[in-house]
Amino acid sequence: MKHSEIIELLRKRFPNEPEYQQAVVEVVESITEVYNQHPEFAKANLIERLIIPDKIHTFRITWIDDNGNVQTNMGYRVQHNNAIGPYKGGIRFHSSVSLSILKFLAFEQTFKNALTTLPMGGAKGGSDFSPRGKSQNEIMRFCQAYVEGVWKNIGANLDVPAGDIGVGGREVGYMYGKYKKLADEFTGAFTGKGREFGGSILRPEATGYGNVYFLLEMLKTRNINIKGKRCLVSGSGNVAQYTCEKLIEMGAIPVSLSDSDGYIYDPEGITTEKLQFVMELKNLYRGRIREYAEEFGCKYVAGGRPWTEKADIALPSATQNELNKSDAEALMKNGIIAVSEGANMPSTPEAIEIFQQHKILYAPGKAANAGGVSVSGLEMTQNSERYSWTAEQVDEKLKWIMSNIHENCVKYGTETDGYINYVKGANIAGFMKVAKAMMMQGVV
Ligand code: NDP
Ligand code: 2IT
């Protein structure tokens with residue numbers, strides 16, 4: 001495989017998909033060397049078979065708003081690869097959703113899921129529907145309409161969706177209810193369900209908690225204690241909230257949060273009580289993060305991102321490409337020691353280059369945020385067993401999985417000078433598992 005040929009092929013086949021190109025190029029750069037050490041991979045043309053998703057479902061979603069107007073949105077489910085298990089990945093409802101974004105997320109998910117040790121393939125779905133300002137009934141009708149478009153293509157042994165941006169426990173509940181009615185069966189076809197109907201304990205917390213567990217493993221490699229470390233967190237949704245919760249529990253000090261309108265910086269630290277306010281604000285009242293600054297009298301920057309504030313650690317937990325080159329330079333100038341990604345692909349390639357040049361601890365999302373899908377995998381296991389585990393059991397497994405992912409990154413990503421290149425490590429470890437499974441299953 002020639003790296004330049006793959007990039008050429010990508011640009012030719014998928015010319016209008018910048019996010020997809022970005023995600024693929026990163027993986028190709030990491031795996032070229034090992035790929036070429038296995039001539040059987042090229043013979044089976046594994047790379048093209050990984051660049052073209054297995055299947056993409058595209059459909060129109062029609063729903064009626066509270067004023068009686070008929071609305072339409074685009075609906076998608078990208079089933080990227082099922083070499084190691086049923087398709088698995090979240091659903092995103094956001095006005096920015098495009099095929100390029102869902103393809104990049106499904107591609108990343110394939111390698112992330114391979115890292116978890118659990119049998120899950122990679123997928124992602126969603127819609128350009130914006131939940132912002134919609135009533136509870138509109139959300140429910142929209143969720144039901146999305147499922148109408150996709151229900152025949154998902155299922156416990158086929159493809160198991162979950163949450164992502166704009167889709168949390170409420171939306172999964174509505175989608176599962178509609179799925180159950182259409183399919184006429186009660187199976188684990190979604191994860192992130194309510195605890196009362198098969199949802200795993202700790203699934204809501206898993207991505208944020210898992211990211212902090214991964215961060216602790218990274219810090220351990222340099223004998224750094226997390227206690228008292230000031231942490232920049234972006235986003236204020238599911239991942240950001242539980243990242244803060246675990247940081248506080250570990251004695252670290254989260255000092256920022258954001259949403260698509262701006263960020264807050266609280267130099268005194270976001271405490272448990274303040275976090276409770278954020279959870280109610282975001283999960284119940286669906287308000288804006290600006291209201292935190294109004295409540296607690298701290299700084300709010302409209303339209304900004306928190307990366308220019310001084311801190312020790314950054315945990316981007318909002319969205320893709322939310323941290324660019326100049327943000328990375330600002331972080332370096334302020335002496336950041338670690339960046340651990342809760343979001344998927346939040347750092348641009350130029351930002352990553354800066355982190356690695358400065359040899360700081362840097363974990364890409366597909367390693368650091370794999371805790372969410374891992375507990376989704378554990379939810380699938382519990383659903384198959386028709387049993388539920390305790391919080392201790394799930395947490396112990398989550399910790400083990402995150403430390404195992406870290407170990408694999410060290411194994412495949414340690415460079416000659418001892419620097420751990422987590423991007424390379426995660427990409428090679430994830431790719432090798434999927435590649436071996438594909439080889440054993442023949443040319444299909
Ligand atoms: P939520 O919808 O709960 O929260 C998303 C947060 O990010 C909100 O604060 C939102 O602000 C902000 N945000 C979304 N889009 C943008 C944007 N274009 N610009 C600026 N801010 C934005 O989603 P999650 O917390 O679940 O997801 C956050 C990230 O974590 C995503 O990248 C997701 O793919 C990733 N992830 C999620 C997992 C999960 O289990 N949920 C698992 C692994 C990764 P606003 O309210 O203004 O829209
Ligand atoms: O990006 C992700 O890993 C998720 N949104 C979670 C997917 C899942 O199936 O739990």
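Start at 1 and go down the list; that is how both ligands and their atoms are numbered.
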Sub-3.5 Å N/O-N/O distance, N344 and ligand 1: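 Yes, there is a polar N/O contact under 3.5 Å.
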Close N or O approach (T207, ligand 1; < 3.5 Å):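 Right, the criterion is met.
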Assess, by modelled atom type and distance only, whether the side chains of [X] and [Y] contain a donor and an acceptor separated by less than 3.5 Å.
X: K88; Y: N82; value: no
X: N334; Y: E309; value: no
X: K246; Y: N211; value: no

Non-hydrogen atom of G342 closer than 4.0 Å to ligand 1: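 Contact check G342 vs ligand 1: positive.
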Contact with ligand 1 for Q320, non-hydrogen, under 4.0 angstrom: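 The answer is no, since Q320 has no heavy atom less than 4.0 Å from ligand 1.
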Check [X] against ligand 1 and report side chain, backbone, both or neither, counting heavy atoms closer than 4.0 Å.
X: R288; result: side chain
X: R203; result: side chain
X: V239; result: both

Which residue and atom name correspond to the protein heavy atom nearest [atom], and how close is it?
atom: atom 3 (O) of ligand 1; answer: N238 N, 2.9 Å
atom: atom 3 (O) of ligand 2; answer: K112 NZ, 2.7 Å
atom: atom 4 (C) of ligand 2; answer: K124 NZ, 3.7 Å
atom: atom 7 (C) of ligand 2; answer: G90 N, 3.5 Å
atom: atom 18 (N) of ligand 1; answer: T319 CG2, 3.7 Å
atom: atom 6 (C) of ligand 2; answer: R203 NH2, 3.5 Å
atom: atom 9 (O) of ligand 1; answer: S236 N, 2.9 Å

Ligand 2 to G163 polar contact by distance, N or O atoms, under 3.5 Å: yes
Geometric N/O contact K88 with ligand 2, under 3.5 angstrom: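 N/O-N/O distance under 3.5 Å: yes.
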Geometric cation-pi criterion K180 and F186, 6.0 Å radius, 45° cone: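 Because its charged atom misses either the 6.0 Å distance or the 45° angle limit, K180 does not stack over F186.
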Cation-pi, F14 ring and K103 (6.0 angstrom, 45 degrees): yes
So if I count the atoms of ligand 1 from 1 in the order they appear, which ones are less than 4.0 Å from some heavy atom of [X]?
X: A343; answer: 29 (C), 30 (O), 32 (O), 35 (C)
X: G166; answer: 2 (O)
X: S258; answer: 9 (O)
X: S317; answer: 28 (C), 29 (C)
X: R92; answer: 31 (C), 32 (O), 33 (C), 34 (O)
X: G235; answer: 9 (O)

Atom indices of ligand 2 within 4.0 angstrom of N344 heavy atoms, with elements: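 Here the atoms of ligand 2 in question are 1 (O).
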Distance filter under 4.0 Å to S376 heavy atoms, resulting ligand 2 atoms: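 In order of number, 8 (C), 9 (O), 10 (O).
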Side-chain donor or acceptor of Q109 paired with backbone N/O of G89 under 3.5 Å: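 Between the backbone of G89 and the side chain of Q109 there is no qualifying donor-acceptor contact (under 3.5 Å).
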Ligand 2-proximal atoms of Q109, by part, heavy-atom distance under 4.0 Å: side chain
H57 and its side chain to side chain contact (heavy atoms under 4.5 Å, CB included) partner, picked from V78, D159, N153: N153
